Amino acid sequence: MPEGPELHLASCYINTVCAGLIFSGKVEKSEVSKNPEVLFESDAYLISATSRGKEIKLTLTPLKEEKNTLPGRGKDREGLSQNGLQQPMDIVFRFGMSGSFKLASGAELPKHAHLRFYTKESPHRALCFVDIRRFGRWEVHGTWQLDRGPCVMLEYEKFRENVLRNLSDKAFNKPICEALLNQKFFNGIGNYLRAEILYRLKIPPFEKARTVLEALQHRKQSPDLTLSKKVKLKRENPDLLELCHAVPMEVIHIGGKGYSPEPSDDAAAFEEWLQCYCVPGMRSLRDGNGRTIWFQGEPGPMAPKGEKSRKRRLRVNADPEPPSPKVTKPVPTRSSKGSSSQEKVAKRSGRKKGKEPVQGAKNVKANEARKPNARSRRKASTSQESPTSEAPAADRKRQASDRRSTGAATAAPRSRRVKAE
DNA sequence: CGTCCACGTCTAC
DNA sequence: TAGACCTGGACGG
């Protein structure tokens, strides 16, 4: 679920579904989670949420000044004042690769629900932190992580200043595509957003970040224009930092959960929204950290040497007109869903995935449309399109950033899996 | 069956 | 700058 928009949508979800809901009792953690216990207990409390970049903060607020009557009860709780009252508590979450929140029936909890807040009502329900891969973290009495910058969505001006005032930072020695993932400056940007943002401006992903950003420092605007003209100009020609705000805002306005595996009208709309990330016909490379960057056109001067540009036939995304990025696209305000779903699907499956050749084209066997949502994988991993690459095969070490080594190490994990959740 | 891949941090050489 | 941390879907044999 998790780049900035997904975190923000999660906070909206929580505030919506928990509005007027009263929670009660203890907070329950799954056995398998290595995150800290949440020693909070109250007879009646409320839950609200706020987000900042890729973090979300839940606030638990006890309702009345309920006294802790039972002796001994809650002795191990945190946040108790001297007289035994449960104080409000903040918990800050990061979502890892798969975190999300869901209000579910207390009787049948979702799989991988690692933290549960139960409602007071008779058939209990539970607000659950669901996290399949368990890369997510929470901190009791948490605060926004100190070395993360201002939120690209909710603190745009501060975010912009923080970048432009610190261009001498070594973070900007890196390629722009890598700098965009640095949460110290781009809190909220993740892998699909960086691709979509760079694509809108056709900035080569491996252009040096400082080079790209220095150009924005003194955007001299002709002083003779009227204010409204300036505004219009700006809206129609957003620069990179403006897009770091506007692009994630587009996702928020689609609604739903943003990037999510759960099928829904909104999920379909999101897929439709993607113009570059995982889109057939786009190129991709591994960046310096082994993450896949999707782009179109030239990789740029700092591109990893000897890397192969793989084209994949992936998803059955839309992507109507070929390569022209729609920079200004007005916010697609939540429309009457319901009917839209059907036509969307029809539309998309009927769509040819447009443009074709991207350089070394090769014999890329075009995307045979898979079923929607199917992110078809692979084509050539080690067999890459070698001929074009100037690098000897030996050089491409398989960036295994997210992989368990094969071979000897596999036995252990296997057995651990047994202890299901 | 096995391999590769995924929306992200973390921390240990 | 490699791994580590995890589960599960897609695909290949």
Side-chain angles (χ1 to χ4, degrees), chain A residues 1-10 30 32-35 53-56 92-100 110-114 130-139 145 147-148 174 178 180-184 186-196 247-248 251 256-263 267 270-271 273-274 276-278 284 286-294 304 310 312-316 368 370-384 397-407 409-421:
Chain A
M1 232 199 141
E3 293 185 26
E6 288 75 22
L7 276 281
H8 183 73
L9 287 166
S30 73
V32 289
S33 174
K34 294 173 182 165
N35 279 303
K54 270 185 239 180
E55 297 185 303
I56 185 170
V92 170
F93 292 79
R94 263 153 274 136
F95 277 8
M97 293 286 266
S98 58
S100 67
K111 209 177 174 194
H112 307 294
H114 296 300
V130 179
D131 183 8
I132 296 177
R133 298 182 67 180
R134 274 184 270 153
F135 292 171
R137 297 277 137 86
W138 65 76
E139 287 170 33
Q145 208 168 248
D147 43 5
R148 304 184 75 105
K174 307 226 171 181
E178 291 175 25
L180 284 172
L181 292 185
N182 186 335
Q183 303 299 298
K184 185 174 177 196
F186 298 92
N187 190 5
I189 302 300
N191 205 22
Y192 80 72
L193 283 170
R194 70 171 178 172
E196 295 299 312
V247 172
V251 178
K257 298 182 154 185
Y259 189 177
S260 157
E262 321 249 296
F270 175 81
E271 287 247 326
W273 172 85
L274 289 172
C276 180
Y277 180 78
C278 288
S284 66
R286 297 314 189 99
D287 70 13
N289 299 309
R291 301 263 261 151
T292 302
I293 173 68
W294 290 85
R310 301 165 288 138
R312 309 192 195 166
R313 23 70 147 173
L314 264 250
R315 341 175 337 199
V316 188
E368 31 239 62
R370 308 268 136 170
K371 21 161 86 160
N373 281 339
R375 284 175 141 46
S376 63
R377 301 286 151 202
R378 234 318 69 66
K379 189 17 341 138
S381 150
T382 47
S383 64
Q384 244 59 266
K397 48 239 257 48
R398 289 256 19 157
Q399 289 294 7
S401 74
D402 190 19
R403 238 175 341 122
R404 188 183 302 293
S405 62
T406 56
T410 44
R414 249 281 145 285
S415 55
R416 295 184 82 246
R417 298 240 295 106
V418 177
K419 96 169 285 107
E421 294 170 26

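We name chains A, B, ... by the order of the sequence lines, and we start the count at 1 in each one. None of the values given here were measured: they were computed from a predicted structure.
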Peer 1: Tell me, do A:His114 and A:Val130 make a side-chain contact under 4.5 Å, heavy atoms counted?
Peer 2: no

Peer 1: If you check the A:Arg291 side chain, which of C:dC6, B:dC7, B:dC10 turns out closest?
Peer 2: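 My answer, after comparing the listed nucleotides, is B:dC7.
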
Peer 1: To the nearest angstrom, how far is A:Phe135 atom CZ from B:dC5 atom C1'?
Peer 2: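 Going from A:Phe135 (CZ) to B:dC5 (C1'), I get 12 Å.
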
Peer 1: A:Arg148 CZ to B:dG8 P: how many Å, rounded?
Peer 2: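 Result: 10 Å.
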
Peer 1: Over how many whole Å does the gap from A:Ile293 atom CD1 to B:dC7 atom P extend?
Peer 2: 10 Å

Peer 1: Would you mind reading off the distance between A:Glu262 atom CD and C:dG9 atom C1', rounded to a whole angstrom?
Peer 2: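 In whole Å, C:dG9 C1' and A:Glu262 CD are 14 Å from each other.
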
Peer 1: Can you tell which of B:dC7, C:dG8, B:dT9 lies closest to the side chain of A:Lys54?
Peer 2: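 Minimum distance to the A:Lys54 side chain belongs to B:dT9.
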
Peer 1: Determine the Euclidean distance between corresponding C1' atoms of B:dC4 and C:dG13; express it in Å to zero decimal places.
Peer 2: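 Result for the C1' pair: 14 Å, nearest Å.
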
Peer 1: Please determine if a side-chain N or O atom of A:Thr292 lies less than 4.0 Å away from the OP1 or OP2 oxygen of B:dC5.
Peer 2: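 Indeed not, no polar side-chain atom of A:Thr292 lies that close.
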
Peer 1: Does a side-chain heavy-atom distance below 4.5 Å link A:Arg286 with A:Arg291?
Peer 2: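 The answer is no, as the side chains (C-beta and beyond) never meet within the 4.5 Å cut-off.
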
Peer 1: How far apart are the C-alpha atoms of A:Trp273 and A:Val251, what are their side-chain angles, what is the distance that settles it, and do they pass the side-chain contact (heavy atoms from CB on, under 4.5 Å) test?
Peer 2: CA-CA 8 Å; A:Trp273 172 85; A:Val251 178; 3.5 Å; yes

Peer 1: Say you pick atom P in C:dC6 and the same atom in B:dA12; how far apart are they, in whole Å?
Peer 2: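 My reading of the P atoms in C:dC6 and B:dA12 gives 14 Å.
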
Peer 1: Going by the angle between their ring planes, with limits at 30° and 60°, are A:Phe93 and A:Trp138 parallel, tilted or perpendicular?
Peer 2: tilted

Peer 1: Could you pull out the closest heavy-atom pair between A:Tyr277 and A:Glu196, with the gap in Å?
Peer 2: N-OE2, 2.8 Å

Peer 1: Using a strict threshold of under 4.0 Å (side-chain N to carboxylate O), is an ion pair present between A:Arg194 and A:Asp287?
Peer 2: yes

Peer 1: Using Watson-Crick pairs (N1 to N3, plus N6-O4 or O6-N4) and G-U wobble pairs, both distances under 3.5 Å, which stems of at least 3 pairs involve DNA chain B?
Peer 2: B:1-6 with C:7-12, B:8-12 with C:1-5

Peer 1: Would you mind telling me which of B:dC7, C:dT7, B:dT9 lies closest to the side-chain atoms of A:His112?
Peer 2: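 The nucleotide sitting nearest to the side chain is C:dT7.
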
Peer 1: Output yes if the stacking criterion (under 5.5 Å between centres, under 30° between planes) is met for A:Phe95 over the base of B:dC7, else no.
Peer 2: no

Peer 1: Given salt bridge (Lys or Arg N to Asp or Glu O under 4.0 Å), test A:Glu139 with A:Arg94 step by step and report yes or no.
Peer 2: CA-CA 9 Å; A:Glu139 287 170 33; A:Arg94 263 153 274 136; 2.4 Å; yes

Peer 1: Can you identify which nucleotide, out of B:dC7, C:dT7, C:dC5, has its nearest atom closest to the A:Ile132 side chain?
Peer 2: C:dT7

Peer 1: Please state the C1' separation for the pair C:dA4 and B:dC13 - nearest whole angstrom.
Peer 2: 13 Å

Peer 1: From B:dG8, C:dG8, B:dC10, pick the nucleotide closest to the side chain of A:Lys111?
Peer 2: C:dG8

Peer 1: Nearest of C:dG8, B:dA6, C:dC6 to any side-chain atom of A:Met97?
Peer 2: B:dA6

Peer 1: Rounding to a whole Å, what distance do you find between A:Leu193:CG and B:dG8:C1'?
Peer 2: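 So the CG-C1' distance, A:Leu193 to B:dG8, works out to 13 Å.
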
Peer 1: Starting at CD of A:Gln145 and ending at P of B:dC10, how long is that distance when rounded to a whole Å?
Peer 2: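 For the pair A:Gln145 CD and B:dC10 P, the rounded distance is 5 Å.
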
Peer 1: Side-chain N or O of A:Arg133 less than 4.0 angstrom from OP1 or OP2 on B:dG8?
Peer 2: no

Peer 1: Could you state the CG-P distance from A:Asp287 to C:dT1, rounded to the nearest angstrom?
Peer 2: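 The distance from CG of A:Asp287 to P of C:dT1 comes to 11 Å, rounded to the nearest Å.
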
Peer 1: For residues A:Arg134 and A:Arg137, report the shortest heavy-atom separation together with the two atoms involved.
Peer 2: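 So the minimum-distance heavy-atom pair works out to O-NH2, 4.4 Å.
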
Peer 1: Expressed as a whole number of angstroms, how long is the span from A:Phe186:CZ to B:dC7:C1'?
Peer 2: 18 Å

Peer 1: Is A:Gln183 near enough to B:dG8 that one of its side-chain N or O atoms lies under 4.0 angstrom from OP1 or OP2?
Peer 2: no

